[in-house]
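Some notes on the structure that comes next.
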Number of protein chains: 2
Amino acid sequence: MTSTDATATDTLAVGIRSAGLKVTAQRLAVLQALDDSPHATAERVFAAVRAGLPGTSLQAVYGVLTAFTSAGLVRRIEPAGSAALFERRVGDNHHHLVCTGCGAVHDVDCVVGEAPCLTPSDARGFAVAAAEVTFWGLCPSCRAAPATP
Amino acid sequence: MTSTDATATDTLAVGIRSAGLKVTAQRLAVLQALDDSPHATAERVFAAVRAGLPGTSLQAVYGVLTAFTSAGLVRRIEPAGSAALFERRVGDNHHHLVCTGCGAVHDVDCVVGEAPCLTPSDARGFAVAAAEVTFWGLCPSCRAAPATP
DNA sequence: CAGTTGTCTTGATCAGTTCAAGATACCCGC
DNA sequence: GCGGGTATCTTGAACTGATCAAGACAACTG
């Protein structure tokens, strides 16, 4: 994996450029890192990027992730108790399943009964723009293994 | 407001004691502070407590909130981009409406269509224990007032 | 190929939260 | 009512995750 062939890289570059951003080695590396681990912390992306671009700084990664987030290229989620996570799946209104044991995160395409969660029973006059659903539970590994502090 | 009469205080004390915790002035003050502002940060609770008990330390407030949270007396929520908020409404599986403009938080009793959100379409083998829904939008005030950075 | 502008590096700073050790106060039993 | 045991509070420090600022550098435009 970690496809570094020209084709894949070009695809990434097109995405970046069409978002109105300049294409740099660091930015390509960040996108590839997020392909490899779809729910990564900034720190983790940093480690992955640095593997291929040793001179890269943590602040650069934060800058890239911030730019991508406001450009809509990546989505930032912040499960309670965890550092911010970044993912490339964007614009498809999916939700997350978080393991309370190990912190593992999985995507959930949607909720049964379609998307009723987009409408609260009483919006209190709010203009509701988005609904975010987080499911908390134990992943298969943590169900098997008793407590791993 | 800020009822300090014996009756109300006694009710709070009973709640604390029945959770297996000792009753102290700081703990009573924290509960009352959460009654006055139902979605408060630790810092905000600290300010409210200190108004009545000048010698109280911030760490004491953190300690009380942590103890209450693990005893199930208060619930801790962490909307993305905000500090942790604490609330007394607990055990009724309600959700939250957060203003992206000013950060105001309101409770939402439940979602239309009952509680379908408790069942993801594909649990991936997880033992799902809870579902947390956060609605993002603009509150009436922020809809009226254009951008207040 | 040079200019302009956006991006990266370096270094410092911040908010929010947690940890540790000792003094203190609550609650139980007598 | 009062002392002992233990949870709680105070003081002080430290830690993580994230952000800001200034200058060096590199990507795209013409």
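Naming: A, B, ... by sequence-line order, numbering from 1 per chain. Computed over heavy atoms, backbone and side chain alike; hydrogens, waters and symmetry mates excluded.
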* To the nearest 0.5 angstrom, please state how far the CZ atom of B:F68 sits from the CD1 atom of B:I16. => 4.0 Å
* Structure fact -> Heavy atoms of A:W136 and B:E132 approach each other most closely as NE1-OE1, 2.7 Å
* Using five pairs at either end of the helix from C:dC1-D:dG30 to C:dC30-D:dG1, determine the angle between the two local helix axes and round it to 10 degrees. => 40°
* Using a cut-off of 4.0 Å between protein heavy atoms and nucleotide atoms, how would you tag nucleotides 14-30 of chain D 5' to 3' with B, S and -? -> ---SBBB------BS--
* N/O donor-acceptor pair under 3.5 Å between A:R143 side chain and B:G125 backbone -> yes
* Hey, is the main chain of A:A60 close enough, under 3.5 Å, to the side chain of A:Q26 for a donor-acceptor pair? -> no
* ILVMFWY network linking B:F126 to A:V133, side-chain heavy atoms under 4.5 angstrom -> yes
* Asked: Are any of the side-chain heavy atoms of A:R75 and A:T69 separated by less than 4.5 Å?
  -> no
* Taking atom types as modelled, find out whether A:D107 and A:H95 have a side-chain donor-acceptor pair closer than 3.5 angstrom. => no
* Is the A:H39 to A:H96 ring centre distance short of 6.0 Å? -> yes
* Asked: Within the structure shown, what part of the strands sits under 4.0 Å from A:G55 by heavy-atom distance: base, sugar-phosphate, or nothing?
  -> sugar-phosphate
* Asked: When you check the gap from the basic side-chain N to the acidic O, do B:R89 and B:D109 get nearer than 4.0 Å?
  -> yes
* **CD1 on B:I77 to CG on B:L85, rounded to 0.5 Å** => 4.5 Å
* Structure fact -> The first and last nucleotides of DNA chain C lying within contact of chain A, meaning any atom under 4.0 Å from one of its heavy atoms, run from C:dT5 to C:dA12
